[in-house]
Each structure stands twice: as structure tokens, then as C-alpha cells.
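Sequence positions, counted from 1, serve as the residue numbers for this chain.
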Amino acid sequence: MTLINSRALDDKYEIVREIKKGGFGIVYFGLDKKLNKPVAIKEIAPNLLDDPKYIDMFQEEALNIAKLNHNNIVHIYELKKTSDRHLYIIMEYIDGIDLVAYNSEPGSYN
């Protein structure tokens, strides 16, 4: 987990710290400032913003997950595009262990 300087995404959300970074995007721990509750904020990797294929995939991911309703699937709250063209998925924050790290431990179920 990488600590970053807290920054406002807009008047509603605040990005507090980085949780995980991958090839397609970055997931942050955030705060819904109006409801005073934690959220997860996924940002498409900035180097992919000029490729329409990845933008479409990112938006499709949010729309497909938003159609699902199950206790084991995070809830999508919002899909945001900022004035500087950055894309974010605002979703339910689940406090727990990193399943990739958990599955790589000796004796864990793979």
C-alpha cells in the first residue's frame, strides 16, 4: 500500500491512499465526503487514456459489474470522467486481505 498526499477527486470524493496498482489501473482507498464513508476508487492507468479500446473496456467493466447484485460482488456507486479526461469507478470499499497474497502463502488454497 502506497501512501499519497490526500487529494480531492471532486467535491464529493477524496483519494486518501493507493491500495494496489496493476497494468490496467490503480485502486485507491477513498472517502465519500458527503456521506462520510469509505469507498474504493479505481482509476484507469493514465498511460491508457489515449487508447479508445482501453477506455471502452474500463467503462464496460463498470457497467457490467453494476448490473450484478450479490453479497460477494462489490457494488458500483458511480462512473466518473473528470475535466482532465481521467476515468474513475467509485465502488464499495471492502476491508480485508489481499487474495493474491493470501493464495500465494504456503498451505493456502490455490
Side-chain angles (χ1 to χ4, degrees):
M1 179 172 18
T2 303
L3 293 176
I4 61 171
N5 287 334
S6 171
R7 71 179 199 259
L9 179 55
D10 57 18
D11 63 337
K12 186 173 181 184
Y13 301 107
E14 180 179 353
I15 295 174
V16 177
R17 68 178 183 272
E18 182 181 304
I19 297 173
K20 189 94 171 175
K21 185 183 280 189
F24 190 66
I26 307 164
V27 178
Y28 302 100
F29 173 83
L31 181 65
D32 181 322
K33 297 187 292 186
K34 293 189 179 194
L35 298 176
N36 194 30
K37 71 179 203 173
V39 293
I41 301 172
K42 183 175 184 179
E43 175 184 23
I44 189 169
N47 62 313
L48 301 177
L49 287 173
D50 292 326
D51 190 332
K53 174 180 76 173
Y54 289 106
I55 291 172
D56 289 345
M57 287 171 56
F58 190 80
Q59 291 175 328
E60 214 172 288
E61 174 186 347
L63 295 172
N64 287 332
I65 294 170
K67 293 176 188 175
L68 303 173
N69 185 16
H70 191 276
N71 288 338
N72 294 336
I73 300 173
V74 297
H75 296 96
I76 302 291
Y77 298 140
E78 191 171 355
L79 179 61
K80 295 192 73 61
K81 185 173 187 176
T82 59
S83 59
D84 60 357
R85 298 184 15 214
H86 286 257
L87 289 171
Y88 299 90
I89 300 171
I90 313 301
M91 62 189 116
E92 175 183 18
Y93 174 75
I94 306 291
D95 189 17
I97 61 170
D98 181 333
L99 293 178
V100 172
Y102 176 79
N103 284 329
S104 64
E105 292 177 11
S108 67
Y109 179 78
N110 286 319

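A donor-acceptor pair is defined here as one N or O able to donate and one able to accept, closer than 3.5 Å; no such pair exists between the side chain of D56 and the backbone of Q59. When atom types are taken as modelled, the side chain of K12 and the backbone of L35 share no donor-acceptor pair closer than 3.5 angstrom.
Rounded to the nearest 0.5 Å, atoms CZ (R7) and CG (L9) are 7.5 Å apart. Residue I26 holds its CD1 atom at 10.5 Å from CD1 of I44, rounded to the nearest 0.5 Å. Here CD of E60 is found 12.0 Å from CG of L79. Values are rounded to the nearest 0.5 Å. One finds the OH atom of Y54 at 9.0 Å from the CG atom of N47 (value rounded to the nearest 0.5 Å).
Side-chain heavy atoms closer than 4.5 Å link hydrophobic residues (I, L, V, M, F, W, Y) into clusters, and following such links, even through other members, never connects L87 to I90. Put simply, L68 and F58 are part of the same group of oily side chains (I, L, V, M, F, W, Y) that touch within less than 4.5 Å, one to the next. Cluster annotation: Y88 is not connected to M91 through the hydrophobic network of ILVMFWY side chains, with a link wherever side-chain heavy atoms come within less than 4.5 Å.
Nearest heavy-atom pair across M57 and F24 is CB-CZ, 4.1 Å. In this structure, V74 and E92 approach most closely via the heavy-atom pair CA-OE1, 3.5 Å. Taking each heavy atom of G23 and A45 in turn, the nearest pair found is O-CB, 4.0 Å. Of all heavy-atom pairs spanning D10 and K33, the tightest one is O-NZ, 3.3 Å. Of all the heavy atoms in P38 and L31, the pair that sits closest is N-CD1, 4.2 Å. A66 and I76 get closest at one heavy-atom pair: N-CG1, 3.9 Å.
The residue from R17, K42, E43 that alone fulfils the side chain to side chain donor-acceptor pair (under 3.5 Å) condition with Y28 is E43.
Within 6.0 Å of CZ on F29 lie more than 12 heavy atoms contributed by other residues, nucleotides or ligands.
Side-chain contact between I55 and L48 is absent, with no heavy atoms from C-beta onward closer than 4.5 Å. Using a 4.5 Å heavy-atom cutoff, the side chains of I15 and Y13 are not in contact. With contacts defined as side-chain heavy-atom distances shorter than 4.5 Å, the pair I65/I89 does not qualify.
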